[in-house]
Every structure is written in structure tokens, then in C-alpha cells.
Amino acid sequence: MPDPIALIDCNNFYVSCERVFDPKLIGVPVVVLSNNDGCAVARSEEAKVLGIKMAQPLFQFRDKVRDHGIRVMSSNYTLYGDMSRRVVDAVGQFSPSFEVYSIDETFVDLSGFGDRYLKQASDMRSTVRELTGIPTCVGVAPTKTLAKLANYAAKKNPIFGGVCDFTDARVADWCMARIAVGEVWGVGAATEGKLRNIGIETVSQLRDLPMSLARKVGTVVLERIVAELQGVRCLDIEEVVPQRKGMAVTRSAGEPMRTFDAVMQAVTAHATQAAYKLRQHGLVAGQVTVFFHTSPFSKTAPQHSASRTIHLKPMTNNTFDMIHAASLCVQKAWKGDRRGNGYAYAKAGVILDDLIREADTPQLLFEFERPRDARLMTALDAVNDRFGKKKIVVASEGFHRPFEVKAEMRSPRYTTRISEVPVIKA
DNA sequence: TCTGGGGTCCTAGGACCC
DNA sequence: TCTGGGGTCCTAGGACCC
């Protein structure tokens with residue numbers, strides 16, 4: 001038997017976080033919205049039963065909210081991030097080797113536990129529940145791709161009691177014959193369509209697909225998926241968090257941006273936020289891309305999408321440098337009359353690439369030190385951290401901010417803001 | 001008339017993930 | 001009227017070099 005891998009995945013994570021601090025949310029339908037209160041990004045089981053889909057826009061299920069008393073909440077990433085850390089701390093007690101794959105999923109290496117690995121997996125699940133209040137499911141299998149699938153089975157089928165073991169071939173075969181191919185990790189809508197065209201409907205069929213055919217339908221990625229489904233390990237548990245390669249700040253605007261100035265204002269705000277994020281991570285960027293586009297959902301409005309990339313020399317995390325570079329991008333990318341070119345832009349963003357640690361910033365031959373800028377950035381961050389974001393902004397960002405994030409139904413930051421910690425009266 | 005070939009690097013775009 | 005945001009990886013094709 002190959003060394004078992006577990007995937008522990010939190011159930012309806014954001015909803016579960018909210019329920020830990022507000023028990024009135026238990027047993028009723030709950031939906032957590034994306035940034036800007038646009039779409040559903042987490043749903044309780046009760047909300048799923050009512051037919052609310054992942055990423056479904058709020059305006060499409062307003063009637064259900066009214067008719068069924070669905071509790072709708074803005075997302076509270078500060079809370080979820082902190083709860084995630086607590087879950088990982090609990091998981092870490094069960095194996096020295098694990099990989100935090102996303103905010104609500106962790107792969108755990110269960111080799112070295114002999115035949116006690118299943119006990120280990122179910123103890124891990126109950127301990128997370130006990131220490132954090134978060135319910136989870138666990139999938140155990142010889143490869144990551146199979147562990148994801150076992151986890152899916154554990155979530156969908158109550159007979160597994162929250163832990164599904166694919167190291168038992170009978171269980172694995174039974175499930176794989178019944179799970180649709182599109183549920184496999186790495187098989188999205190495009191690949192699913194191609195697979196269905198050649199008659200592949202279930203996971204078992206994909207597992208038994210000849211490698212040459214897998215390569216023809218997809219790429220090396222699909223070959224790797226097929227191998228992993230056969231129990232051949234291609235993906236390792238990566239304990240070290242790799243240096244991130246890019247970073248982005250992008251937003252849909254609250255109201256359409258029709259003029260050059262409106263787009264510039266949003267991009268300035270995003271560039272400011274992006275530079276701040278870089279400094280928080282101790283990084284500098286070598287490249288910045290600015291994009292803005294109209295709403296792809298509008299059937300009638302004329303569509304336009306623009307983007308420009310420029311290199312940052314020297315590499316930087318300075319707010320003023322970033323705004324300057326981003327402005328140049330907007331100027332180059334803007335088409336037509338600046339007072340309005342007939343397009344209603346719905347979204348804009350700033351994407352940073354070529355990230356390296358600030359300490360490793362290469363020195364340019366003729367670069368001169370700018371210590372005052374560095375001190376100014378430190379002071380700017382200190383003021384905004386202490387008194388709240390956007391207390392000091394660069395003037396071009398403006399005061400009327402249609403691109404501002406909406407979060408009208410956000411819960412308190414129970415665990416990270418002293419002023420929002422729950423008070424117990426006894 | 002016949003008009004190289006092989007290598008690297010970079011970028012844009014697609015696909016996928018949570 | 002209102003439709004998320006932030007990531008990664010792979011491939012194809014162009015530019016460039018010798």
C-alpha cells in the first residue's frame with residue numbers, strides 16, 4: 001500500500017466561521033457574498049437545497065432570500081483567515097508533514113502511522129471540530145487527486161461518516177464508477193466537454209483512458225490526472241510555501257466608468273492598494289499590468305477590453321512610483337475621447353508580476369537612494385493601519401469613489417479586532 | 001531557381017482552481 | 001439596475017540569435 005495522503009476540507013467554510021460566533025445562524029439557510037456583495041461564494045446546506053448556486057449573483061436569488069428568510073452576509077476575510085490559521089494549527093498536531101492548499105483545505109502526509117492512519121484521519125477531524133468549532137470532511141487515498149475525490153465522496157455521501165477511505169479499492173471503485181468526470185480535480189468545463197465527446201462520462205472511464213488518448217484530448221496535465229487516478233503519485237505534498245509570482249488588485253465598479261478620469265481614479269486606488277500589499281509582504285515588483293473592460297454580461301452595450309503592461313525600473317513597492325506607472329498604462333490603453341468614448345467600463349485592475357523580496361532588489365547603475373520615500377511609505381502605512389484604510393490617500397484617487405467595496409452585511413471581526421470581540425455578560 | 005535549422009526567451013491567452 | 005477576486009500552470013507563437 002502506498003503511503004496514504006489525507007485531504008481535510010472544511011464544510012461550507014465561510015458559513016461555518018460565521019456560525020461559530022453566531023449560533024442563531026445554525027439550522028437556517030445562510031449565504032456569504034463575495035467582495036462587493038455581488039455573488040454567493042459560500043452556502044450552508046439549507047441554502048444549497050434552496051437551489052442557490054456557487055457564484056450566483058445576489059439579484060438572481062433575492063426572491064428566495066425574501067421567501068425563505070435566507071441570512072445573507074458580506075464576506076469577512078479577516079475572520080476567515082484567522083479561523084483558517086486555527087484549523088491548520090489543529091491539523092498540524094496530526095502529522096509533521098502537511099501542505100496548506102487553500103484557505104479551507106490542507107493535504108496531510110499520513111505515512112509513518114502504519115495501519116493507524118485511518119484512526120489518525122478521523123481523530124484529526126474530531127479535534128478540529130473540538131478546537132475550532134469548524135466541521136470538516138476527510139478523504140484518504142494514495143494520491144492527491146484521489147484524496148480530493150475521496151473527500152468529495154465523504155461530503156456527498158453520509159454513509160462515510162465524514163471520512164472516506166480510497167485506500168480500500170472496493171470503496172474507490174464503487175465511488176469512481178458513480179462520480180461524474182467533471183468532478184475530478186483539474187478537469188474543468190472545457191476538458192469535460194472534450195471528454196464527453198469521446199464518451200467519457202465517469203471517473204472510472206477517465207482512469208482507464210489510454211495515456212496516448214489522454215495526451216491527445218488534453219495536455220501533460222490530463223496525463224498526470226489519469227496517472228494519479230490510477231494511484232501513481234505525480235504530485236507531492238509541498239510543505240514549503242513557494243514564493244508568490246504575481247499579485248493583483250481588481251474590482252468591479254459600483255457604477256459604470258464612462259470617462260478617462262473615472263477609470264484613472266479606480267486604477268489609482270488599486271495601484272495604491274497593490275503597492276501597500278507589496279510592502280506588507282516585503283516584496284517589490286518588476287512589472288505592472290493595468291486592464292479595464294466593459295461588462296461581459298451586457299448583451300446590448302458595446303464591448304471593449306483594454307490592457308497595458310510596463311516594466312518597473314527600478315523594481316519598486318513605492319505608492320507614487322506605482323501610481324505613476326499605472327497612470328501611464330491607462331493613458332496608453334485609453335481609446336478615443338477622454339470625456340467619454342461610448343464604453344461603460346465595469347471593472348478595472350492592477351496586476352503586478354516579477355515579484356522578488358525587497359532585500360534582493362537589484363541596484364541600477366545610476367539609481368540614487370531615496371530614503372525619504374521609504375520613510376514616507378512607512379509613515380503612510382502606519383497612519384492607515386492605525387486609523388483605518390483610506391485615511392490618507394493620493395489626491396488623484398478622489399473623494400467620490402464609485403469603485404468602493406460594498407460590504408454592508410459584514411459580521412464583526414470577532415477574533416482580530418479588540419473592539420469587535422464578543423462581550424460575555426455574566 | 002534554390003531561400004536553414006535549432007535553440008532560447010518572452011508574452012498572450014487559455015484553462016483551471018478556491 | 002445589480003453578475004467575485006486572486007491565484008497557478010501550460011502552450012503556441014513570435015522575436016531573436018548563431
Side-chain angles (χ1 to χ4, degrees), chain A residues 7 9-14 31-43 52-63 65 72 74-75 77 80-81 84 99-107 144-145 148 151-152 182-195 215 217-225 234-235 238 241-256 270 273-274 277-278 281 286-287 289 291 293-301 305-311 344 346-355 402-403 405-408:
Chain A
L7 174 68
D9 185 322
C10 302
N11 301 348
N12 318 327
F13 182 56
Y14 298 168
V31 166
V32 176
L33 300 175
S34 62
N35 242 325
N36 249 10
D37 291 348
C39 300
V41 292
R43 304 149 296 149
I52 293 165
K53 302 288 179 226
M54 184 64 180
Q56 190 175 10
L58 174 61
F59 73 88
Q60 283 179 4
F61 59 90
R62 282 240 187 245
D63 49 339
V65 171
V72 177
S74 302
S75 41
Y77 290 106
Y80 311 148
S84 175
E99 171 188 343
V100 179
Y101 174 67
S102 76
I103 195 165
D104 68 338
E105 290 167 272
T106 299
F107 287 105
K144 281 176 150 184
T145 304
K148 285 282 274 186
N151 194 289
Y152 174 83
E183 300 298 337
V184 174
W185 188 35
V187 176
T191 307
E192 183 182 9
K194 287 188 211 162
L195 287 170
R215 184 64 213 232
V217 173
T219 66
V220 287
V221 181
L222 191 61
E223 278 187 308
R224 207 157 54 204
I225 288 169
C234 303
L235 305 169
E238 303 192 14
V241 180
Q243 158 76 56
R244 69 195 300 170
K245 302 196 162 71
M247 185 179 275
V249 177
T250 69
R251 287 286 177 282
S252 296
E255 52 191 73
H270 302 338
Q273 184 61 22
K277 251 170 99 172
L278 276 177
H281 288 84
Q287 188 177 295
T289 301
F291 73 85
H293 60 71
T294 50
S295 170
F297 300 102
S298 170
K299 297 281 176 282
T300 49
S305 170
S307 98
R308 279 294 182 285
T309 301
I310 62 177
H311 289 277
K347 185 171 181 173
V350 170
I351 301 165
L352 306 175
D353 280 299
D354 292 355
L355 307 188
F403 47 82
V405 173
K406 273 191 283 182
E408 287 159 359

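Quick note: numbers below take in every heavy atom, side chains included, and nothing from hydrogens, waters or symmetry partners.
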Qualifying residues under salt bridge (charged side-chain N to carboxylate O under 4.0 Å, His left out), relative to R62(A), sequence neighbours excluded: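 R62(A) satisfies salt bridge (charged side-chain N to carboxylate O under 4.0 Å, His left out) with no other residue.
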Report the nucleotide, chosen from [options], that has the shortest atom-to-atom distance to any side-chain atom of [X].
{"X": "S102(A)", "options": "dG5(C), dC18(B), dT11(B)", "result": "dC18(B)"}
{"X": "D104(A)", "options": "dC18(B), dG6(C), dG4(C)", "result": "dC18(B)"}
{"X": "A55(A)", "options": "dG4(C), dT11(B), dT3(C)", "result": "dG4(C)"}
{"X": "T250(A)", "options": "dT11(C), dG6(C), dG4(C)", "result": "dG6(C)"}
{"X": "T219(A)", "options": "dC10(C), dG4(C), dT3(C)", "result": "dC10(C)"}
{"X": "A190(A)", "options": "dC17(B), dT8(C), dA15(B)", "result": "dA15(B)"}
{"X": "N36(A)", "options": "dT8(C), dG5(C), dT3(C)", "result": "dG5(C)"}
{"X": "H311(A)", "options": "dT3(C), dT11(B), dT8(C)", "result": "dT11(B)"}
{"X": "F59(A)", "options": "dG4(C), dC18(B), dT3(C)", "result": "dT3(C)"}
{"X": "Y101(A)", "options": "dA15(B), dC2(C), dC17(B)", "result": "dC17(B)"}

Please determine whether a side-chain nitrogen or oxygen atom of [X] lies at a distance below 4.0 Å from atom OP1 or OP2 of [N].
{"X": "T191(A)", "N": "dC16(B)", "result": "yes"}
{"X": "K144(A)", "N": "dC17(B)", "result": "no"}
{"X": "R251(A)", "N": "dG6(C)", "result": "yes"}
{"X": "K347(A)", "N": "dG4(C)", "result": "no"}
{"X": "T309(A)", "N": "dT11(B)", "result": "no"}
{"X": "R308(A)", "N": "dA12(B)", "result": "no"}

Distance, rounded to the nearest Å, where Q287(A) contributes CD and dC10(B) contributes P: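 Taking atom P of dC10(B) as the reference, CD of Q287(A) is at 11 Å.
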Stems where DNA chain B pairs, listed by first number, each of three or more Watson-Crick or G-U pairs under 3.5 Å: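 So the stems come out as B:5-18 with C:5-18.
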At 4.0 Å (heavy atoms only), tell me whether [X] reaches a base, stays on the sugar-phosphate, or touches nothing.
{"X": "K277(A)", "answer": "sugar-phosphate"}
{"X": "A346(A)", "answer": "nothing"}
{"X": "E105(A)", "answer": "sugar-phosphate"}

Sequence-distant partners of F107(A), ring-ring contact (aromatic ring centres under 6.0 Å, His included), two or more places apart: Y101(A), W185(A)
dC16(C) and dG4(B), which share atom name C1', separated by this distance in whole Å: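 Rounded to whole Å, the distance is 15 Å.
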Minimum heavy-atom distance D9(A)-E105(A), with the two atoms named: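 What the structure gives for the nearest pair is OD2-CG, 3.3 Å.
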